[in-house]
Amino acid sequence: MFTKRWIAGGLTALLIGMLSACGSGSDSTSGVGQGSSSTAQKARPTPDTVTGLRDSVRHLAKTTTKATRPHTVTKCASASKKVQHKSSSGSGSKKKTRTWYTTERYRECSKVRSGTATYTRIVRAERWCVSLDDVGGDTAKDDVWYQVTRSAYDEARIADEHARVEFTPTGSGC
């Protein structure tokens with residue numbers, strides 16, 4: 001009994017120590033406890049953020065084409081099945097089992113091909129791209145293309161040539 005109390009006390013102390021280390025709220029490097037200040041969050045970029053000098057921007061419009069695919073319709077037919085029911089009464093050697101059957105009706109549906117349907121197929125999705133020079137401060141990394149969101153593209157488009165820009169890319173290449 002005394003040993004169980006020691007174990008429970010030790011586990012409690014360990015748990016309290018772990019929780020206080022994880023959620024102290026005063027850790028300035030983790031961003032916890034900094035309030036709702038947006039400047040504190042903008043001061044430290046995320047690992048995915050890319051910086052460099054704006055070189056050029058490119059907008060690739062969505063490309064579509066007309067295509068056909070099988071048109072399917074749902075055809076239903078009435079169907080029925082025989083269902084067995086049983087009822088027992090009595091016990092031992094006097095036990096009687098009564099069996100009767102009923103017909104259960106239902107609808108059986110399936111998709112059947114019926115001609116073709118025309119639809120608009122997307123060949124290439126719409127993309128917004130930005131090219132940077134001196135990526136991450138490295139002067140050897142020039143003309144690197146990144147796919148970006150529409151808002152990041154708009155910001156880079158209105159920025160001056162060779163102005164420092166910062167964004168989080170959605171993909172590489174263009």
Side-chain angles (χ1 to χ4, degrees), residues 14-81 83 104-174:
L14 181 66
L15 181 63
I16 290 171
M18 289 174 58
L19 289 176
S20 64
C22 291
S24 63
S26 63
D27 187 9
S28 62
T29 59
S30 68
V32 177
Q34 292 181 357
S36 62
S37 172
S38 62
T39 57
Q41 292 174 356
K42 287 184 179 179
R44 202 174 72 236
T46 62
D48 298 332
T49 302
V50 174
T51 59
L53 304 179
R54 178 202 179 271
D55 187 20
S56 59
V57 294
R58 182 184 300 162
H59 174 242
L60 298 171
K62 175 173 66 173
T63 307
T64 61
T65 186
K66 294 288 182 188
T68 58
R69 60 181 162 210
H71 179 68
T72 57
V73 294
T74 303
K75 295 250 179 177
C76 295
S78 295
S80 61
K81 63 180 176 182
V83 180
E104 189 176 282
R105 289 176 171 69
Y106 62 96
R107 291 181 58 83
E108 191 169 10
C109 299
S110 62
K111 291 196 172 200
V112 179
R113 184 176 171 172
S114 173
T116 58
T118 304
Y119 71 102
T120 303
R121 183 172 64 91
I122 298 174
V123 177
R124 180 184 67 204
E126 188 172 23
R127 290 190 303 223
W128 299 277
C129 303
V130 176
S131 173
L132 295 180
D133 288 340
D134 300 344
V135 177
D138 186 1
T139 56
K141 288 179 101 176
D142 288 341
D143 296 324
V144 181
W145 284 96
Y146 294 100
Q147 291 180 28
V148 295
T149 61
R150 173 72 189 262
S151 59
Y153 169 81
D154 289 338
E155 289 177 16
R157 186 173 50 86
I158 61 174
D160 293 331
E161 189 77 18
H162 294 291
R164 182 159 295 283
V165 291
E166 179 179 324
F167 55 81
T168 303
T170 58
S172 60
C174 190

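Keep in mind it's a predicted model, so treat the numbers as computed, not measured.
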message = V165 vs E155, test: side chain to side chain contact (heavy atoms under 4.5 Å, CB included). Steps then yes/no.
response = CA-CA 8 Å; V165 291; E155 289 177 16; over 6 Å; no

query = Please walk me through it: do R54 and D160 pass side chain to side chain contact (heavy atoms under 4.5 Å, CB included)?
reply = CA-CA 8 Å; R54 178 202 179 271; D160 293 331; over 6 Å; no

ask   = Could you walk me through whether K111 and T74 pass the side chain to side chain contact (heavy atoms under 4.5 Å, CB included) check?
value = CA-CA 4 Å; K111 291 196 172 200; T74 303; 4.1 Å; yes

task = Could you walk me through whether V135 and V50 pass side chain to side chain contact (heavy atoms under 4.5 Å, CB included), step by step?
result = CA-CA 7 Å; V135 177; V50 174; 3.9 Å; yes

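Surrounding CD of E161 are more than 12 heavy atoms belonging to other residues, nucleotides or ligands, all under 6.0 Å away.
Between D55 and L132 there is no side-chain heavy-atom pair separated by less than 4.5 Å.
In this structure, W145 CH2 and S172 OG are separated by 13.5 Å, a value rounded to the nearest 0.5 Å. Interatomic distance, CZ of R121 versus CZ of R69, reported as 11.0 Å (0.5 Å rounding). Atoms CD and SG, from Q147 and C174 in turn, are 6.0 Å apart once rounded to the nearest 0.5 Å. With rounding to the nearest 0.5 angstrom, the OH atom of Y119 is 11.5 Å from the OG1 atom of T64.
Relative orientation of the H59 and Y153 rings is tilted, given thresholds of 30° and 60° on the angle between their planes.
Here T120 pairs with K66 under the side-chain hydrogen bond (donor to acceptor under 3.5 Å, both in side chains) rule; sequence neighbours left out. Applying the side-chain contact (heavy atoms from CB on, under 4.5 Å) rule to S151 yields the partners T149; only residues at least two apart in sequence or on another chain are considered. With sequence neighbours left out, the side-chain contact (heavy atoms from CB on, under 4.5 Å) criterion links R124 to L60, T63, R127.
A donor-acceptor pair under 3.5 Å is absent between the side-chain atoms of R58 and the main chain of C129, judged by distance alone.
P169 approaches V148 most closely through the heavy-atom pair CA-CG1, 4.4 Å. Residues S131 and D143 come closest through the heavy atom pair OG-CA, 3.6 Å.
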